[in-house]
Amino acid sequence: MTDYNIKIENVVASTKLAEEFDLTKIEAEFEGAEYNKQKFPGLVYRVSNPKAAFLVFTSGKVVCTGAKNVDDVHTVIADMAKKLNGIGIDTLEKPDITVQNIVASADLKAVLNLNAIAIGLGLENIEYEPEQFPGLVYRIDEPKVVVLIFSSGKLVVTGGKSPENCEEGVEVVRQQLDNMGLL
Amino acid sequence: RLRKWQRRIRVSNATERNLAFALSELDRMASALGLPRTVRETAAVVYRKAVDKNLIRGRSIEGVAAAALYAACRQCSVPRTLDEIGEVSRVSRKEIGRTYRFISRELSLKLMPTSPIDYVPRFCSGLSLKGEVQSRGVEILRQASEKELTSGRGPTGVAAAAIYIASILCGERRTQREVADVAGVTEVTIRNRYKELAEELDIEIIL
DNA sequence: GCTTTAAAAAGTAAGCT
DNA sequence: AGCTTACTTTTAAAAGC
């Protein structure tokens, strides 16, 4: 009944794997690695199983994005460290991995009147410009997430640091819409 | 002290010069878009409020002027799209949109999203369609709104589709291309919207 | 502010057959 | 007309312009 099909679509995390990296060397050793210093200061490297994309910087810091869940983030980063070790690059022992952002989708399973929701939530609290984008943007303070609300009843929750944040975000929206009789 | 006065005069001159430039910009853009004097005056009021709240800092006069005009058109129910404002401004559509969001929030303009209905008079006159067709189009849009066929859709596209249908029902048919050109959308969009409207509102279209 | 990554939502757009 | 690709919005980190 409380089935909103909440699904995590993307997890972004950052960590420090070494004190410094020779990106030119990594680019030469890793197949498919892209590095154009003038274009972007980080090296781009994509992996699969689990699927994810890395941004590697000369400072030794790394950004991992595209993972479907938090466990995968740890798995892929551990794999990445192993690969680096494999080409003779040492990595830090216990990297501090920080989840920076989680994107999730959900479905309230009801057709929504976005104009009514805009008024209900307060025009000063939302952004809804159908000429520009079909979704209504609702920023929540607690948890601090942003929810995109569509007329189909589908939602996108982003900005959360944990899966719980995303679930809470969906619940906050569901309850507010319900209280206004717009669900 | 004389210095102090000179500085004030200098600042005053700069402020007046900037305001004069902004107002001439508003006039130039409004003329290019064929907007009535009331809209220019509304835009000038919005711009002055932005100046009074120091919202120009870190932004270009042209950008704020374009955003003020965009907001004024909506306040006066004679909306122009961001693309249309962008065509007569040196500032990009993206910058105008971001500046609009900023001043809209800071000045608490609280504008509802643009209604497709507000585009009907302009599009119809652009197609030389009579008041009867306009009324039909507006009626179709009211029904569409009640049946939740406008949420999340581009206002210009829905308005164009309603006018396309109304022109046929009134025996003054305009082609999808003619309506698309006036509304600034593609024929594909008109087709998608009008099929949805015709089906959901049970309107028989015989071509 | 921009650059780069990934991902969903739904609408609109452009190119090709 | 359809299909495919792609851009609109939001989010966060990284280093540098």
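All figures in this text were calculated on a predicted structure; none of them were measured in a lab.
Listed for the A:R174 side chain is no donor-acceptor partner under 3.5 Å among the backbone atoms of A:L183.
Under the Watson-Crick and G-U wobble criteria, each requiring two contacts below 3.5 Å, nucleotide C:dT17 is paired to D:dA1. Across every strand in view, C:dG1 sits in a pair with D:dC17 that passes the Watson-Crick or G-U test at under 3.5 angstrom.
C:dA9 and D:dG2: their P atoms are spaced 23 Å apart (whole Å). Of the C1' atoms belonging to C:dA6 and D:dG16, the separation is 22 Å, rounded to the nearest Å.
Contact annotation: B:R191 side-chain N/O to D:dG2 OP1/OP2 distance is not under 4.0 Å. A close approach under 4.0 Å does not occur between any side-chain nitrogen or oxygen of B:R93 and OP1 or OP2 of D:dT8. A:S14 has no side-chain polar atom (N or O) that falls below the 4.0 Å cut-off from OP1 or OP2 of D:dA14. Applying the 4.0 Å criterion to OP1 and OP2 of C:dA7, one finds that A:K51 has a side-chain N or O inside that range. For the OP1/OP2 pair of C:dA10 and a distance below 4.0 Å, the side-chain nitrogens and oxygens of A:K154 include at least one atom meeting the criterion.
The side-chain tip of B:R59 points at the ring of B:F102 from less than 6.0 angstrom away and within 45° of straight on.
In this entry the distance linking CG of A:N101 with C1' of D:dA13 reads 9 Å, nearest Å. Here the P atom of nucleotide D:dA1 and the CD atom of B:Q176 are 7 Å apart, to the nearest Å. Rounded to whole Å, atom P of D:dA12 lies 18 Å from atom CD of A:E9. In this structure, A:Q38 places its CD atom 14 Å from C1' of C:dT4, rounding to the nearest Å. Separating the CD1 atom of A:I8 from the C1' atom of C:dA9 is a distance of 17 Å, rounded to the nearest angstrom. Note: CD (A:E34) to C1' (C:dT5) measures 10 Å, nearest angstrom. For A:K68 and C:dA6, the NZ to C1' distance is 8 Å, given to the nearest whole Å. If you take CG of A:L17 and P of D:dA15, they are 13 Å apart, rounded to a whole angstrom.
For A:P41, the listed nucleotide lying nearest its side chain is D:dG16; candidates were C:dA7, C:dT5, D:dG16. The side chain of B:K195 lies closest to D:dG2 when the candidates are C:dT12, D:dT10, D:dG2. Set against D:dT11, D:dA13, D:dA14, the side chain of A:V12 has D:dA13 as its closest nucleotide.
Taking only distance into account, the side chain of A:T158 meets the base of D:dT11 through a donor-acceptor pair shorter than 3.5 Å. No donor-acceptor contact under 3.5 Å links the side chain of A:S105 to the base of C:dA8.
Toward the 5' end of DNA chain D, the nearer of the two residues A:K61 and A:K144, judged by each one's closest nucleotide, is A:K144. If you find the closest nucleotide of DNA chain D to A:P134 and to A:K161, the one lying nearer the 5' end belongs to A:P134.
Counting any heavy atom pair closer than 4.0 Å across all strands shown, A:V146 reaches sugar-phosphate atoms only and no base atom. As judged by a 4.0 angstrom heavy-atom cut-off over every strand, B:G184 is placed among residues touching the sugar-phosphate backbone only. When heavy atoms are screened at a 4.0 angstrom cut-off, A:G135 is found touching no nucleic acid atom at all. A:T98 comes within 4.0 angstrom of nothing in the nucleic acid, heavy atoms only.
Ring geometry, A:F40 versus A:F57: the interplanar angle exceeds 60°, so the pair is classed perpendicular (tilted spans 30 to 60°).
Other residues, nucleotides and ligands place no more than 12 heavy atoms under 6.0 Å from the NZ atom of B:K49. More than 12 heavy atoms of other residues, nucleotides or ligands shown are found within 6.0 angstrom of CZ on B:R98.
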